[in-house]
K.L.:
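Please see the structure below; I have some questions.
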Amino acid sequence: MLKATGLEKRFGAVPALAGLDLAINAGEFFALLGGSGSGKSTLLRVLAGFEAPDAGALTLDGQDLLPVPPWARPINMMFQSYALFPHMNVADNIAYGLKRAGVAAEDRRSRIAAALDLVGLQGLETRRPQQLSGGQKQRVALARSLVMRPRLLLLDEPMAALDAGLRERTGLELRALQRKTGAAFIMVTHDQQEALALADRIAVLEAGRVAQIGPPQEVYARPATRFVARFLGAANVLEGRMRDGVFESAEAGTDIGTDLPAATIAVALRAEHIRLTSADEAPVMTGILEDAAFRGDDWLLIIRLRGGARLRVVHGAPPPAPGSAVGLAWGTASVVPLFA
Amino acid sequence: MGDGIGGAAFRVIRRGILLAPLWAWLLMLVAAPVLILGVMAFATPSDGVPPFTLGLRFAAFAMLVEDFYYAEALLAALRLAATTAGLCLLIAYPMALGMAGVRPAWRLPLLALLMLPFWTGFLLRLGAWIGLLRDEGLVNHLLRGLGITDEPLALLYTEGAMLAGMVHAYLPFAVLPLFTALIRLDPALLEAAADLGARPARLFFSVTLPLALPAAAAGFLLVFIPAAGEFVIPELLGPPEAQVIGRVLWQEFFQNRDWPLAAALALALLALLILPIRWFQRLGAGV
């Protein structure tokens, strides 16, 4: 439905988008994931029409979007600050877009009521934004966008301003709304949990480009680059090189794995896939337990390998004393080859 | 425990110390002058020094009601102040929009330029207007030099010259609150309006303008209130028939030396100006 090719945008000398390609399908929940400066917010602003790219193309259903001003784009956006009009009550805020679209008064009333119903805010029509809680403001902002029945809704960090306790539930409600309305959602977030939990597909952005794109499980299980592996779930990355079909890692102090592609330049190993070996089991690797931290469900262990690299390991039982030598093991399928 | 009676007393004393300068200011520069005016307004004019003898006489107030000259002067002053404030707003709004629209680094220099006239004497600037507008002035020279007119146009001592001087003198007071309101306007609000389908003109009238309304009211009153008592500009640039209250006050005080009447007049002006100030406070509280 939406297709971006070779988008470039600079702010002074700083490139925010550096030849970004992206295709969004109709009706999908898509998450743009990246750290600050990755270009995710700039991309959203380009899609909404608030920023013009320096180069590249942007089409919606094959139609060129770039010459279309923001007020004429069939795309709506929900702002991180919600941007509710402080001089209008809830109903007038939601009516604003309908009035601009020339929707008749009685039609408007029923659509506002339906939108408030959708987000569960019936009865708050006459409240001012200043009289609403953070969660209520977020819902009004959502209703104000959804009442326009957009085919594509952009959400800029929709949950960033909410309390941690409210975030999980709101996220699930957001996905339910997306399914119900059938609109495509593009959500920008820096929170990988949020992106993995809600989206049909995610794109990890790095320095103004898409580093990897795909369904959450796939991107999480098979990160393609060091950046994606570290960014998603903070995987352990061990540098090295392939020689005679074996991955040699000086950092680890031993060879790792078999059957890795010849282009492998590093491997990723998730902390939860590594286990400590028992006394009667041959370890894949040995190391010294440097530090341990109790996290509630489990312990996080920091283990220094012979070559000096440190591994994060998630361990389900009380760990041995710091300074102890430990044996480590993992399944061969847990070793993910990285190519960049 | 430590926050018992001793603590409360300490807080009262500390608040008293903090507020003392404010109270001293209000007493000495607001309450005392009004009280003096009040006493003076009921006195009898005389030839001595000071030119009145104390008493309880209502003649000055009766005169204000009986002689329409004074009511007309009050009305003329309010009309002039309202016109000035309205014109100032009309000019100040685009100025403030422009100043708020530039890059932040440019704002301070523009603000300094706005305040620059205050660095030269007020009378000097009025003198410059006289130099521009008089029969042998720059504007008339230019018009005749270009062959647009043969005779010098009567520009000075007209309503137009007076309004030009008034707007010139009071414009910064209208720009400043508008500028402050506009730079604090959240750009996301404007983007949200555009995103919901508002074209630039609609966006301006439905978001920018209403959100800057309290600031516009503040700007209007910051001009209106001092302009209502203005007497120098009508005196130096205005037509003789522009008998605004400020001018009449001046004449009563210094030419007719009828201090009781002048005091009564000043009190009447004060009473009239309290209304818009109250109105402004309500407006400020409502937003």
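Letters A, B, ... are given to chains in the order of the sequence lines, protein chains preceding strands, and every chain is numbered from 1. All heavy atoms count here, side chains included; hydrogens, waters and symmetry mates do not. Because the structure is predicted, anything quoted here is derived from the model rather than measured.
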K.L.:
Which atoms of Leu154(A) are under 4.5 Å from chain B, going by heavy atoms: the side chain, the backbone, both sets, or neither?
P.N.:
neither
K.L.:
For the CZ atom on Arg179(A), are there more than 12 heavy atoms of other groups (residues, nucleotides or ligands in this structure) within a distance under 6.0 Å?
P.N.:
yes
K.L.:
Once rounded to the nearest 0.5 Å, what's the spacing between atom CZ of Arg202(B) and atom NZ of Lys99(A)?
P.N.:
9.0 Å
K.L.:
Side-chain contact test, heavy atoms from C-beta onward, threshold under 4.5 Å: evaluate it for Arg100(A) versus Arg199(B) and give yes or no.
P.N.:
no
K.L.:
Please look at Ile75(A) and chain B and tell me whether the side chain, the backbone, both or neither of the residue comes under 4.5 angstrom of a heavy atom of that chain.
P.N.:
backbone
K.L.:
Tell me, side chain or backbone of Arg45(A) under 4.5 Å from chain B's heavy atoms, or both, or neither?
P.N.:
side chain
K.L.:
If I measure from the heavy atoms of chain B, does Met88(A) come under 4.5 Å with its side chain, its backbone, both, or neither?
P.N.:
side chain
K.L.:
Do Leu196(B) and Trp71(A) come within less than 4.5 Å of each other through their side chains, counting heavy atoms only?
P.N.:
no
K.L.:
Of all of Met148(A), Gln80(A), Arg73(A), His87(A), which one pairs up most often with chain B through heavy atoms under 4.5 Å apart?
P.N.:
His87(A)
K.L.:
Please examine the side chains of Phe79(A) and Asp186(B), heavy atoms only from C-beta on, and report whether any two atoms are closer than 4.5 Å.
P.N.:
no
K.L.:
In terms of heavy-atom contacts, does CZ of Phe204(B) have more than 12 from other residues, nucleotides or ligands at under 6.0 Å?
P.N.:
yes
K.L.:
Nearest heavy-atom pair of Ala83(A) and Ala188(B): which atoms, and what distance?
P.N.:
CB-O, 3.6 Å
K.L.:
May I ask you to decide if Pro70(A)'s main-chain N or O and Asp195(B)'s side chain share a donor-acceptor pair within less than 3.5 Å?
P.N.:
no
K.L.:
More than 12 heavy atoms of other residues, nucleotides or ligands under 6.0 Å from CD of Gln122(A): yes or no?
P.N.:
yes
K.L.:
Output the distance between atom CZ (Phe85(A)) and atom CG (Leu189(B)), rounded to the nearest 0.5 Å.
P.N.:
6.5 Å
K.L.:
Should we say atom CZ of Arg107(B) is surrounded by more than 12 heavy atoms from elsewhere, each under 6.0 Å from it?
P.N.:
yes
